[in-house]
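Quick notes on the structure that follows.
FYI, side chains are in, hydrogens and waters are out, and symmetry mates aren't considered; it's all heavy atoms of this structure.
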Amino acid sequence: MRKKMALGVILSVLTAVAAFAAEPSGALVEKAKAEGKVAFYANMTAIEPIIADFGKKYGVKAEYTRLSTTKFVATIMTEHAAGKLTADVLQAPVPVLEFLKEKGVIASYVSPAAAGYPKWANTDGKIQLFGIEYAALIYNKELVKPADVPKTYQDLTDPKWKGKIVMADPATHPTTISWLVGLKENVIKSDAEWMKFLKGLAANDPMFVASFGPTPAPIESGEKLIGISMPKYIVTKAPAPLDWAHVSQPMMGTPRGIAIAAKAPHPNAARLFVDYWLSRDAMTIMAAKVGEYVLTPGVYPPIAGIDKAKVIPIRELSDAEIKSWGKEFKKIFARP
């Protein structure tokens, strides 16, 4: 009995410490308020609820500038080279942040709010992973019969999908390039089978768009029936007739990271914002209202079956690999 009581006291103390550690210090909050605002550069859609909740909770304005993945590095490096980078916090796929880290744009910071995250989510003390930018086969559930929904990624090469697919341009969109290479390294491990998949997909003449963002609209309207897209749109586009194909293979995605700029104009507001961003409150909003797959244990987006899916982070491709594979995919998907 005494042992149980002692254990109970220890657990209570640890719980209290954890709860205390999860809250930013009052001093940090006051310093952040004195700075007045935090500038946040990111490439995520529909995160306004998190921005609004941060401002409401701490009285510090978060100014959100959305940059597409293809323009992110160029914009940041141009401002950085001119000594005019106004961003305090940067959010982007990890390869992008790794590049910026190598160029000296990223500061060191380990947030106490990330104490419960997987160890692999922060290995350098600078870039904190908080989610996986997962991709899947998204289809129009009103126009695609249940029996026709793909059971594997390779099913997308069936000629019945010819002219009915939409995807981001595999020659230029880094995340799609990484996803296709991720298929080769994690799912279709035979090079011959992988190339057969690529050529079969190309033969179905998919519509190309610039990024994931424009992929759900043609599926929602019925112009296309299926696409390589993101399950998050099932949440953000609701009540659009979108669903995801529960394939037997893992769902893959690029890890999403966040970091503080080395010369952040508002360093305290930046730390407060990152602490909040990584908190269970913010990640719950992100999963519930933005549909993101987050790394906070036990938090999932409200999408049927996602909690049972195997979601894996794919390897980070270098900039040189992105360019090289982009050229290769441009040839494979070239129109006659």
Qualifying ring-ring contact (aromatic ring centres under 6.0 Å, His included) pairs, either residue in residues 72-113, two or more places apart: none
Asn268: side chain to side chain donor-acceptor pair (under 3.5 Å) partners, not counting sequence neighbours: Glu35, Arg271
Quick one: side chains of residues 225-232, donor-acceptor pairs under 3.5 Å with protein atoms, not counting sequence neighbours, listed by atom name and distance.
| from | atom 1 | to | atom 2 | distance (Å) |
| --- | --- | --- | --- | --- |
| Ser229 | OG | Thr215 | OG1 | 2.7 |
| Lys232 | NZ | Thr45 | OG1 | 3.2 |
| Lys232 | NZ | Glu292 | OE2 | 2.8 |

Test item: side-chain donor near acceptor, Tyr41 and Thr75, under 3.5 Å: no
Pairwise ring-ring contact (aromatic ring centres under 6.0 Å, His included) hits with a residue in residues 254-299, at least two apart: Phe40-Phe273, Phe40-Trp277, Phe54-Phe273, Phe54-Tyr276, Phe130-Trp277, Tyr134-Tyr293, Phe273-Trp277
Anything under 3.5 Å between a donor and an acceptor, one on a side chain of residues 142-151, the other on a protein residue two or more places apart or in another chain? List them.
| from | atom 1 | to | atom 2 | distance (Å) |
| --- | --- | --- | --- | --- |
| Asp148 | OD1 | Lys160 | NZ | 3.4 |

Side-chain donor-acceptor contact under 3.5 Å, Asn43 with Ser68: no
Backbone of Val60 reached by a side-chain donor or acceptor of Lys33 within 3.5 Å: no
Electrostatic pair Lys84:Glu79 at N-O distance under 4.0 angstrom: no
Any side-chain donor near an acceptor of the partner, Gln249 and Gln154, under 3.5 Å: yes
Test item: side-chain donor near acceptor, Thr284 and Asp281, under 3.5 Å: no
Cationic N near anionic O, under 4.0 Å, Lys237 to Glu220: no
Side chain to side chain, Glu63 and Val38, heavy atoms closer than 4.5 Å: no
Co-membership, hydrophobic cluster, residues Val110 and Val105, 4.5 Å side-chain: no
With sequence neighbours excluded, residues passing salt bridge (Lys or Arg N to Asp or Glu O under 4.0 Å) with Lys323: Asp319
Over 12 non-hydrogen atoms of neighbours within 6.0 angstrom of NZ in Lys71: no
Ring centroid separation Phe208 to His173 under 6.0 Å: no
